[in-house]
Protein chains: 2
Amino acid sequence: MQFSVTEENYLKAIYMLRENNDGGGVGTNELSQQLQNKAASVTDMLKRLAEKKLINYQKYKGVVLTSRGEKLAIKIIRKHRLWETFLVEKLSFKWDEVHEIAEQLEHIQSDELINRLENFIGNPRFDPHGDPIPDSKGQFNFLKSKPLSQFNQKGNYLLTGVSEHSKSFLQHLTSVGLKIGDSIKVDELNAFDNSYKVTINKKNIQFFSNKVASHILVVLKK
Amino acid sequence: MQFSVTEENYLKAIYMLRENNDGGGVGTNELSQQLQNKAASVTDMLKRLAEKKLINYQKYKGVVLTSRGEKLAIKIIRKHRLWETFLVEKLSFKWDEVHEIAEQLEHIQSDELINRLENFIGNPRFDPHGDPIPDSKGQFNFLKSKPLSQFNQKGNYLLTGVSEHSKSFLQHLTSVGLKIGDSIKVDELNAFDNSYKVTINKKNIQFFSNKVASHILVVLKK
DNA sequence: GATAACATTTAGGGCAGCCTAAAAATATAT
DNA sequence: ATATATTTTTAGGCTGCCCTAAATGTTATC
Ligand SMILES: [Mn+2]
Ligand SMILES: [Mn+2]
Ligand SMILES: [Mn+2]
Ligand SMILES: [Mn+2]
């Protein structure tokens, strides 16, 4: 069974919004915002996806993926992240340039292709933004990282990912000399605006607004 | 300006059929056969493509690409052939496995991607089936090869391409040990059925039906 | 030049995926 | 508990791309 690009994008959007509202299902408005279209259009599509047993949908109650729908969503994410890694590792794109292209490539249909691609780029477990790449069975390697803004203490941290993938944010990090794997030492916490004074890789002093710190995912170094 | 996958496929089909009827334009029936849909649907789309200045279309007179339409068609073909080459050279696909995947990949929109891909695979001038890959300006390196069936003489030939890309034909060639770049010595021409007895690479004796010989593109070796 | 065969277009319609406006359900505030 | 705000669905409609059946144009044949 094959699905349209539109259907795949709905599944992916539902999957990505699923953990925000950890109680019930994903809302129609939320989805329409994520997908950049109108709520009425979403309702329309939800009926069709339910028909195809990809989601469980009850009027006014929000939507959750069936296991079939979830498998498919994870597969799209797997393809997206493998292609992003390919673009960065093999074609020398920068991490802020790959998302839009991967949005297209994630819909190419061929299991053989994606498995060979994975092998070609050396079976990476994380993509250029630090996001885990599910294996062909849909298993993720999660890191227990948190936003830097949730640590209210000085200390040494390791940058493992970002929770905001916009070009402008990624370019900002690049401009302050920060990339995945870098060490971040928090020297000062400013109580007034919750901003940070940090040292990157032991030599580069920078200031992070709370907004920046909230999109930087780190683990505390022992 | 961006075009739909469907529109791109029409442009490519028109381009590929263009040289058959070297006099006038491409016919509606021809196109419907190539695109696996009905003539009425083709008429419908031709009106839209004409509206967008991609083709010149006059009722009942057939269709020709405008220079804008031709540039686009060549770009799609360029992408198709570069992706096929990538799949064979980097991901170890066989030449009979790549066409369907490239049919999808040829519609990915990113000039930067296709130029980097070209460089990554070493700026090849021909794809895995011997077809010339246009450069980023749309220039082809044509080989003046002809079907083996058009040479009515014994002699030494070099296989430069194939004019039939079906899986079954390509697998047949593989099974007789023939690939691009091989030498073919014609030992006997059978006048009764226009079949050929040949020696491949000086040691492998095979028989080609006229049908096979008509899809093998060769140049005569001096 | 009339007629038959073939190619092409027109007419009318379906489905996917989107829209706006209005109605209905649910959540929030007083 | 009622009024108000917010979310969601329904109703009706549009565009792109496809279809079948019927009409029309073109080409071939006698
Ligand atoms: Mn991305
Ligand atoms: Mn990513
Ligand atoms: Mn091909
Ligand atoms: Mn090819």
Side-chain angles (χ1 to χ4, degrees), chain A residues 1-14 17-18 20-65 69 72 76 103-104 106-107 109, chain B residues 1-14 17-18 20-65 69 72 76 103-104 106-107 109:
Chain A
M1 217 149 292
Q2 302 214 105
F3 300 96
S4 72
V5 167
T6 309
E7 288 169 327
E8 292 191 344
N9 283 335
Y10 270 83
L11 294 178
K12 190 169 57 129
I14 295 165
L17 293 171
R18 146 209 64 124
N20 299 358
N21 353 4
D22 21 29
V26 176
T28 304
N29 261 359
E30 259 179 305
L31 273 169
S32 79
Q33 203 177 344
Q34 177 82 15
L35 293 161
Q36 300 272 62
N37 60 16
K38 300 296 165 168
S41 308
V42 172
T43 301
D44 207 28
M45 176 62 92
L46 292 184
K47 288 175 183 169
R48 281 196 297 271
L49 293 176
E51 199 68 43
K52 299 185 179 182
K53 309 281 187 203
L54 293 168
I55 61 174
N56 289 317
Y57 168 61
Q58 283 173 281
K59 282 207 237 179
Y60 298 102
K61 299 292 184 182
V63 60
V64 294
L65 294 170
L72 247 158
I76 314 292
E103 285 291 306
Q104 298 179 65
E106 71 189 6
H107 301 291
Q109 305 272 5
Chain B
M1 221 147 294
Q2 300 214 106
F3 300 97
S4 72
V5 168
T6 309
E7 287 170 325
E8 292 192 345
N9 283 335
Y10 270 83
L11 294 178
K12 190 171 58 134
I14 295 165
L17 293 170
R18 147 209 62 125
N20 301 356
N21 356 4
D22 21 29
V26 176
T28 304
N29 263 358
E30 257 178 307
L31 272 170
S32 80
Q33 203 176 343
Q34 177 83 15
L35 293 162
Q36 302 272 61
N37 60 16
K38 301 294 166 170
S41 308
V42 172
T43 301
D44 206 27
M45 177 62 95
L46 292 184
K47 287 174 183 170
R48 282 196 296 270
L49 293 175
E51 199 67 41
K52 299 184 179 183
K53 308 284 188 202
L54 294 168
I55 61 175
N56 289 317
Y57 168 62
Q58 283 171 282
K59 281 206 237 182
Y60 299 101
K61 298 294 185 184
V63 59
V64 294
L65 294 169
L72 247 158
I76 315 292
E103 285 291 306
Q104 298 179 65
E106 72 189 6
H107 302 290
Q109 305 270 7

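Numbers restart at 1 for each chain; the letters A, B, ... are given by sequence-line order, proteins then strands. Keep in mind that the numbers below use all heavy atoms, side chains included, and drop hydrogens, waters and symmetry copies. Everything numeric in this text was worked out from a predicted model, so none of it was measured.
- Following rounding to the nearest Å, B:N9 (CG) and D:dG16 (P) show an atom-to-atom distance of 17 Å.
- Residue B:H107 holds its NE2 atom at 11.5 Å from CD of A:Q104, rounded to the nearest 0.5 Å.
- Put simply, CD on A:Q2 is 16 Å from P on C:dA16, counting in whole angstrom units.
- Distance from the side chain of A:K38 is smallest for C:dC19 among the nucleotides D:dT9, D:dC17, C:dC19.
- Comparing D:dT7, C:dA21, C:dA25 by their nearest atom to the side chain of A:A40 picks out C:dA21.
- Side-chain to base pairing of A:N37 with C:dC19: no donor and acceptor N or O lie closer than 3.5 Å to each other.
- Atoms CE and CG, on B:M1 and B:L54 in that order, are 9.5 Å from each other to the nearest 0.5 Å.
- When each of B:Y57 and A:S41 is assigned the nucleotide of DNA chain C with its nearest heavy atom, B:Y57 is the one assigned upstream, toward the 5' end.
- The B:R48 side chain lies nearest to D:dC17 when the options are C:dG17, D:dC17, D:dT24.
- For A:L49 and C:dA16, the CG to P distance is 12 Å, given to the nearest whole Å.
- Note: CG (A:D44) to C1' (C:dC15) measures 11 Å, nearest angstrom.
- Residue A:K61 is classed as having no contact, given no heavy-atom separation below 4.0 Å to the nucleic acid.
- Atom pair A:L31:CG and D:dT9:P shows a separation of 10 Å (rounding to whole Å applied).
- Of all heavy-atom pairs spanning A:Y57 and A:A50, the tightest one is CB-CB, 4.0 Å.
- The CG-C1' distance, from A:L46 to C:dA16, rounds to 15 Å in whole Å.
- The two residues A:D44 and A:S41 make their nearest non-hydrogen contact at CB-O, 3.1 Å.
- Listed candidates were D:dT8, C:dT9, D:dC18. Nearest to the side chain of A:N29 is D:dT8.
- Across the interface with DNA chain C, nearest-nucleotide mapping of A:K52 and A:Y60 shows A:K52 to be the residue nearer the 5′ end.
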(message) B:L17 vs B:Q34, test: side-chain contact (heavy atoms from CB on, under 4.5 Å). Steps then yes/no.
(response) CA-CA 9 Å; B:L17 293 170; B:Q34 177 83 15; 3.8 Å; yes
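- Going from atom CD of A:E7 over to atom C1' of C:dG17 covers 10 Å, rounded to whole Å.
- Contacts of B:T28 with the nucleic acid, taken as non-hydrogen atoms under 4.0 Å apart, involve only primed sugar atoms and P, OP1 or OP2.
- In this model, the phosphate group of D:dT24 is not approached by any side-chain N or O of B:K59 to a distance below 4.0 Å at OP1 or OP2.
- Side-chain nitrogen and oxygen atoms of B:Y10 include none within less than 4.0 Å of the OP1 or OP2 phosphate oxygen of D:dG16.
- Side-chain N/O atoms of B:S4 include one lying less than 4.0 angstrom from OP1 or OP2 on D:dC17.
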